[in-house]
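Naming convention: chains lettered A, B, ... in sequence-line order (proteins, then strands); numbering from 1 in each chain. Computed from heavy atoms alone, side chains included, the values below leave out hydrogens, waters and symmetry copies. For clarity, every value in this text was computed on a predicted model and none was experimentally measured.
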There are 2 protein chains.
Amino acid sequence: MQMDDRKKRILRAIVQDYIASAEPIGSRTIARKFDLGVSPATIRNEMSDLEELGLIEQPHTSAGRIPSDAGYRYYVDFLMDPPCLGDQEKVLIERETARRIHEIQEVINQTSKLLSQLTSLTSVIMGPQNGKSLFSKMYFLPYQPGQAIMVVVKENGVVENHIVDIGEDVEAEELQKVADVLNRKMQGHSLHDVRKSLLHEIYSELSRQRHLLDSALAMLEPIINEDDSDHDHIYLGGALNMLNQPEFRDLDKVKGLLKALEEDGRLKKLLSTEQHGLRVSIGGENRLEEFQDCSVISASLRYNGELFGVVGILGPTRMDYAKAMAIVDYTTRRLNRILRNRRGP
Amino acid sequence: MQMDDRKKRILRAIVQDYIASAEPIGSRTIARKFDLGVSPATIRNEMSDLEELGLIEQPHTSAGRIPSDAGYRYYVDFLMDPPCLGDQEKVLIERETARRIHEIQEVINQTSKLLSQLTSLTSVIMGPQNGKSLFSKMYFLPYQPGQAIMVVVKENGVVENHIVDIGEDVEAEELQKVADVLNRKMQGHSLHDVRKSLLHEIYSELSRQRHLLDSALAMLEPIINEDDSDHDHIYLGGALNMLNQPEFRDLDKVKGLLKALEEDGRLKKLLSTEQHGLRVSIGGENRLEEFQDCSVISASLRYNGELFGVVGILGPTRMDYAKAMAIVDYTTRRLNRILRNRRGP
DNA sequence: TGTTAGCACTCTCGTTAGATGAGTGCTAAC
DNA sequence: GTTAGCACTCATCTAACGAGAGTGCTAACA
């Protein structure tokens, strides 16, 4: 069986109406709402075909039809109006991302809020993966007697500060000398590497300042550990928006989904991809059980060509794909431009 | 009418049973479950008295009784077993708070998770209020051509870093000289003060390095602005736990509450207090409409005697007060001890 | 051969009516 | 002061029923 023009128009009508209303739609309603020039009976026949093709389905015998995952996929790939963005939305995105990008955290928070507001869906942002980030430099600044501020700069531009304990008799300046050696050795290596191979090399070079080195290395512990932990958090924005979707009127469903969202690991799997450009994952295309009723639109952030993070939107399978895709696309392009302007160290 | 011993025992039974079961409890059930040595009829008479005293109420005519806000208050103040903590819980708190307290953010995240896990309620943590925090020192570190890392230390021990734009021809070292002047002038002043009065004083002193100063001040902008904004975020842990409480089986109720939680301002009002020690706010005792069905147990964190933050638990009015109070109390004591050990600069 | 009208059938949803059961308040007896 | 008994109230559960929306099939039509 082929998808002729009329079938396409009918499928398009079903998907669009269902996206808007969340109600199964019947032949009669289609005939009334969309001017296809044929009677409900004809549409019924066509719908029967579409069902056989696996593009639509019936929740129960005497209800209208709703799109299947494959139906949404067909719609996104072939039938949808090309995603395009309103001017106000563009302006909003420009404005929100223009404000203070002094801290990476700031960017993430802002963007997350922005996306969920614009789409009325849940936004999902995965920051830079600590595990893979390369070390660039470290500095020590005085803090209090016995303590110092350790500032760590990574090659992806991220700057972190930690308060570390040093001996009472040690000055931050002194420590900085040790740090300089570490900087020379560690620059461009992942923290993982450091632990694996560089440590003893550094050790020998610095043997005369052994006790200082010991403490410096102890200080790096927290960062090195962070490396392994699943500590590259995922930030959710507008998780509540989900409650407004009729498909989540069932409390248990919501609970399950939110629980899955709380476990960072699940989401990370869902978002992880090396793919450039926009990615659309519809319903069952997600492998994960919990997200079978959801779709994810995501795109990657890059810094110096490296994966820096992922920005996405999570919504019910029945979502306004055109709009969501346009918004994610525009936002990530914008962020990538900003990241590019912060040239590599 | 007086609260004699039997009345107290009955009220205690009602509160405890209702906390455990979330079901209104009737005279017959009390007589069966709790061994008071009197018949249901007698208990009915006493319950009638308790209702007249405003300590219990009936959801509808033919249901059992539930505690009123005043009833909970009476229970907490006079009837409750003194809050005390199991050893496992103590150990858990010790262990979780012992791990890396290198970053204030870390402490907040950890504690938030910990509290919500231990109580199965929602934890609420308010970090240091930027607006009130006093400036201590700033440093500049090299980052990339045209940019520097600005590290700001506040008197409450918080360290922040920001990436700031500087002229292409300016070195971070050069900037540090300006910073030294700023440090001398601004130490111990709130950022608010700086804007109001110190700026022109600083200006005159540094007039020869005007262009550098201009940029340094521009850099402080983000922090100064942050000051005014409601940017001292509130961190929620286990907001989902609420969904498990039978009182929130109604989706609209949950939505309303979560919406109120999302607006930081509301919660800030709820938590703000100068009071030392444990604070219990029951149901209608909260002024805010949205939280009439909730109780909040909170306590303040202090650093050098200054209010540093607030740690609390938010749950339905029907919560296990003894347990929640014990946990909040122990946790904040522990955190305060840790903060004290990080002596003031 | 494709399209349409007609019709019987299915299934969900909202309403209504009873039956059930937990709990109360009152009265009178102990 | 305490208790047993009893009539009454009210939420909740269940079954039954009708309305409404939609389908699939058949037969007629162009």
Identify all pairs in which a protein N or O lies below 3.5 Å from an N or O of nucleotides 9-16 of chain C, and state each distance.
from	atom 1	to	atom 2	distance (Å)
C:dT10	O2	A:Ser62	OG	3.3
C:dC11	O4'	A:Ser62	OG	3.1
C:dC11	O2	A:Ser62	OG	2.9

So what is the 5' to 3' dot-bracket string for DNA chain C, if pairs are Watson-Crick or G-U wobble with both distances under 3.5 Å, crossing pairs use [ ] and | means the partner sits on another strand? ||||||||||||||||||||||||||||||
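- The stretch residues 55-79 of chain B participates, sequence neighbours left out, in these salt bridge (charged side-chain N to carboxylate O under 4.0 Å, His left out) pairs: B:Glu51-B:Arg65, B:Arg73-B:Asp77, B:Arg73-B:Glu285.
- Atom CD1 in B:Ile43 sits about 15 Å away from atom C1' in D:dG1, given to the nearest Å.
- The side-chain hydrogen bond (donor to acceptor under 3.5 Å, both in side chains) test applied to B:Ser39 returns B:Thr42, not counting sequence neighbours.
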With the criterion being N/O to N/O and under 3.5 Å, what pairs connect the protein with nucleotides 24-26 of chain D, and how long is each?
from	atom 1	to	atom 2	distance (Å)
D:dG24	OP1	A:Arg65	NH2	3.3
D:dG24	N7	A:Arg44	NE	3.2
D:dG24	O6	A:Arg44	NH2	3.3

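- More than 12 heavy atoms of other residues, nucleotides or ligands lie within 6.0 Å of CG in A:Asp4, so this atom counts as buried by the packing criterion.
- Proximity of a side-chain donor or acceptor of B:Ser68 to a complementary backbone N or O of B:Gly54 within less than 3.5 Å is detected.
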Throw together a table of side-chain donor-acceptor distances under 3.5 angstrom for residues 248-259 of chain B, partners on residues two or more places apart or in other chains.
from	atom 1	to	atom 2	distance (Å)
B:Asp250	OD1	B:Asp252	N	3.3
B:Lys255	NZ	A:Asn244	OD1	3.4

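- Taking the side chain of B:Arg6 as heavy atoms from C-beta on, and the options C:dT24, D:dT2, D:dT3, the nearest nucleotide is D:dT2.
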Taking only N/O atoms, report every protein-nucleotides 28-30 of chain D pair under 3.5 Å with atom names and distance.
none

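- The shortest heavy-atom contact between A:Ala324 and A:Ile297 is CB-CG1, 4.2 Å.
- Residues passing the side-chain hydrogen bond (donor to acceptor under 3.5 Å, both in side chains) test with B:Arg6, sequence neighbours excluded: B:Glu46.
- Annotation: A:Tyr72 is in aromatic contact with A:Tyr321 [ring centroid separation under 6.0 Å].
- Under the salt bridge (charged side-chain N to carboxylate O under 4.0 Å, His left out) criterion, the residue pairs touching residues 21-33 of chain B are B:Asp17-B:Lys33, with sequence neighbours excluded.
- Proximity of residues 7-38 of chain B to DNA chain D (heavy atom under 4.0 angstrom from any strand atom) is restricted to B:Val38.
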Show the numbers, then the answer: is there a side chain to side chain contact (heavy atoms under 4.5 Å, CB included) between B:Gln245 and B:Met319? CA-CA 10 Å; B:Gln245 303 292 346; B:Met319 69 156 81; over 6 Å; no
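- For A:Tyr74, the ring pair (Phe, Tyr, Trp, His ring centres under 6.0 Å) criterion is met by A:Phe78, not counting sequence neighbours.
- The CD1-P distance, from A:Ile66 to D:dT23, rounds to 13 Å in whole Å.
- Atom NZ of A:Lys113 sits in a sparse spot, with 12 or fewer heavy atoms from other residues, nucleotides or ligands closer than 6.0 Å.
- The closest donor-acceptor contact from the side chain of A:Glu96 to the backbone of A:Thr111 lies at 3.5 Å or more, if one exists at all.
- Summarising the local packing, CD of A:Gln275 is surrounded by more than 12 heavy atoms from other residues, nucleotides or ligands at distances under 6.0 Å.
- The salt bridge (Lys or Arg N to Asp or Glu O under 4.0 Å) test applied to B:Lys323 returns no partner, not counting sequence neighbours.
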